[in-house]
Amino acid sequence: MRRKSAFVISTAALALAVLAPASQATTDPSGSSAFGLAAADALGIAPMPAVQADGARPARKSVTEHPANKLVNAKALEVDAQGDRAGSRAVGVDALASKLTADAVQVRCVGGSGTARMASAVVDGKPIESAPAPNTTIPVEMKGVGTASVTLNKQQRNADGGMTVTGVAIAVPMGDGTYESIDLASATCAGAGRTAQVPSDQTEQVPVAVDDRGPLQEAAPLQEAAPPMPSNSKLPVAG
């Protein structure tokens with residue numbers, strides 16, 4: 001197993017979505033898009049922060065707070081989209097009662113190809129390589145809840161030839177046969193010579209070749225987030 005390595009990303013490659021049949025992200029028909037965190041079911045977290053490409057102008061957003069909950073927390077989320085490229089980064093990740101932790105999770109999507117990088121990531125006590133293979137899925141047992149599913153570097157080929165890459169996609173059983181889907185660090189980009197469209201139920205999840213497109217660059221330091229507010233949610237948690 002390769003040694004884990006910390007990383008930083010350029011301000012031109014930032015953005016964040018958990019395991020679901022199709023991506024929770026929405027995309028701009030004229031370009032690419034990205035978001036940091038989304039959990040559309042019981043948690044009710046709409047994609048945030050979220051950006052869509054606006055012609056040739058870069059779109060960027062970052063936050064150091066998100067709705068408090070008992071399943072996932074990140075100290076900071078950053079996203080970026082421009083033309084046929086988009087990126088997302090989550091910093092200080094702690095999910096599933098600390099069964100999933102990472103100093104940072106970053107994805108990058110350019111011209112229909114996607115990559116994902118993890119810094120000091122650990123899932124269920126096992127260190128994760130800095131560049132996990134596309135669609136690496138790991139089961140995680142949660143006491144009193146059941147088996148959650150964690151997919152790293154989730155890659156989906158969209159109907160228009162574009163790509164959606166999600167750093168961490170989690171599916172948590174809710175006890176009634178349904179799952180809470182959490183997506184963290186997600187980016188969608190158009191294929192070469194095409195424009196991005198909204199993903200549909202026809203979106204296909206397949207392993208694809210990745211294109212790193214050069215070294216990552218130094219990023220500006222992030223502002224430390226305030227501790228999350230206590231939640232009164234009745235969602236299941238690990239014992």
Side-chain angles (χ1 to χ4, degrees), residues 7-17 22-40 45-67 74-92 104-117 119 153-169 183-200 203 208 210-225:
F7 65 87
V8 291
I9 62 177
S10 69
T11 55
L14 304 170
L16 270 192
S23 173
Q24 299 184 59
T26 56
T27 63
D28 182 357
S30 66
S32 302
S33 65
F35 67 89
L37 172 65
I45 302 175
M48 65 163 294
V51 294
Q52 294 180 333
D54 182 14
R57 295 185 301 173
R60 300 185 180 93
K61 286 184 181 179
S62 63
V63 298
T64 56
E65 294 182 345
H66 60 76
K75 291 182 178 179
L77 304 171
E78 301 177 334
V79 295
D80 182 271
Q82 180 179 11
D84 68 345
R85 62 191 60 205
S88 177
R89 181 170 75 158
V91 176
V105 175
Q106 169 198 315
V107 298
R108 183 182 184 187
C109 193
V110 180
S113 295
T115 59
R117 296 289 183 267
N153 190 11
K154 180 180 178 182
Q155 298 198 8
Q156 297 170 286
R157 178 66 63 191
N158 301 325
D160 70 327
M163 167 71 66
T164 295
V165 55
T166 301
V168 178
D183 291 330
L184 188 66
S186 184
T188 296
C189 61
R194 301 190 180 188
T195 57
Q197 297 178 353
V198 177
S200 69
T203 299
V208 296
V210 297
D211 181 2
D212 193 43
R213 299 292 177 100
L216 302 172
Q217 303 297 321
E218 183 78 20
L222 295 169
Q223 178 181 354
E224 186 73 16

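Any value given below was found using the heavy atoms of this structure, including those in side chains, with hydrogens, waters and symmetry copies removed.
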Asker: Do Ser62 and Val79 pass the side chain to side chain contact (heavy atoms under 4.5 Å, CB included) test, and can you show the C-alpha distance, the side-chain angles, and the key distance before you say yes or no?
Answerer: CA-CA 6 Å; Ser62 63; Val79 295; over 6 Å; no
Asker: Measure the CZ-CZ distance between Arg108 and Arg117 for me, rounded to the nearest 0.5 Å.
Answerer: 9.5 Å
Asker: Does the pair Thr188 and Asn158 meet the rule for a side-chain hydrogen bond (donor to acceptor under 3.5 Å, both in side chains), with working shown?
Answerer: CA-CA 9 Å; Thr188 296; Asn158 301 325; 4.9 Å; no
Asker: Are side-chain N/O atoms of Ser32 and Asp84 paired as donor and acceptor at under 3.5 Å?
Answerer: no
Asker: Testing the basics here: between Ala53 and Ala81, what is the closest heavy-atom pair and its distance to 0.1 Å?
Answerer: N-CB, 3.9 Å
Asker: Please tell me whether Asp54 and Gln52 have a donor and an acceptor in their side chains that are separated by less than 3.5 angstrom.
Answerer: no
Asker: Taking all heavy atoms of Val165 and all of Gly114, pick out the closest pair and write down the distance.
Answerer: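 Here Val165 and Gly114 meet closest at CG1-CA, 4.2 Å.
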Asker: Under a 4.5 Å cut-off applied to non-hydrogen side-chain atoms, are Met48 and His66 in contact?
Answerer: yes
Asker: Any side-chain heavy atom of Val107 within less than 4.5 Å of one from Thr166?
Answerer: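 The answer is no, as the side chains (C-beta and beyond) never meet within the 4.5 Å cut-off.
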Asker: Hey, does Cys189 have a side-chain heavy atom less than 4.5 Å from the side chain of Val110?
Answerer: no
Asker: If you take all heavy atoms of Gln156 and Met163, which pair is closest and at what distance?
Answerer: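 That closest heavy-atom pairing would be O-SD, 3.3 Å.
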Asker: Using atom types as modelled and distance alone, determine if a side-chain donor or acceptor of Lys75 lies under 3.5 Å from a backbone N or O of Val91.
Answerer: no
Asker: Drop me the distance from Arg85's CZ to Asp80's CG, to the nearest 0.5 angstrom.
Answerer: 10.0 Å
Asker: Please lay out, stage by stage, how Ile45 and Leu37 fare under the test side chain to side chain contact (heavy atoms under 4.5 Å, CB included).
Answerer: CA-CA 8 Å; Ile45 302 175; Leu37 172 65; 4.2 Å; yes
Asker: Gln155 and Asn153: side-chain hydrogen bond (donor to acceptor under 3.5 Å, both in side chains), yes or no, with the steps?
Answerer: CA-CA 6 Å; Gln155 298 198 8; Asn153 190 11; 2.9 Å; yes
Asker: Just by distance, do the side chain of Arg157 and the backbone of Gly112 share a donor-acceptor pair under 3.5 Å?
Answerer: yes
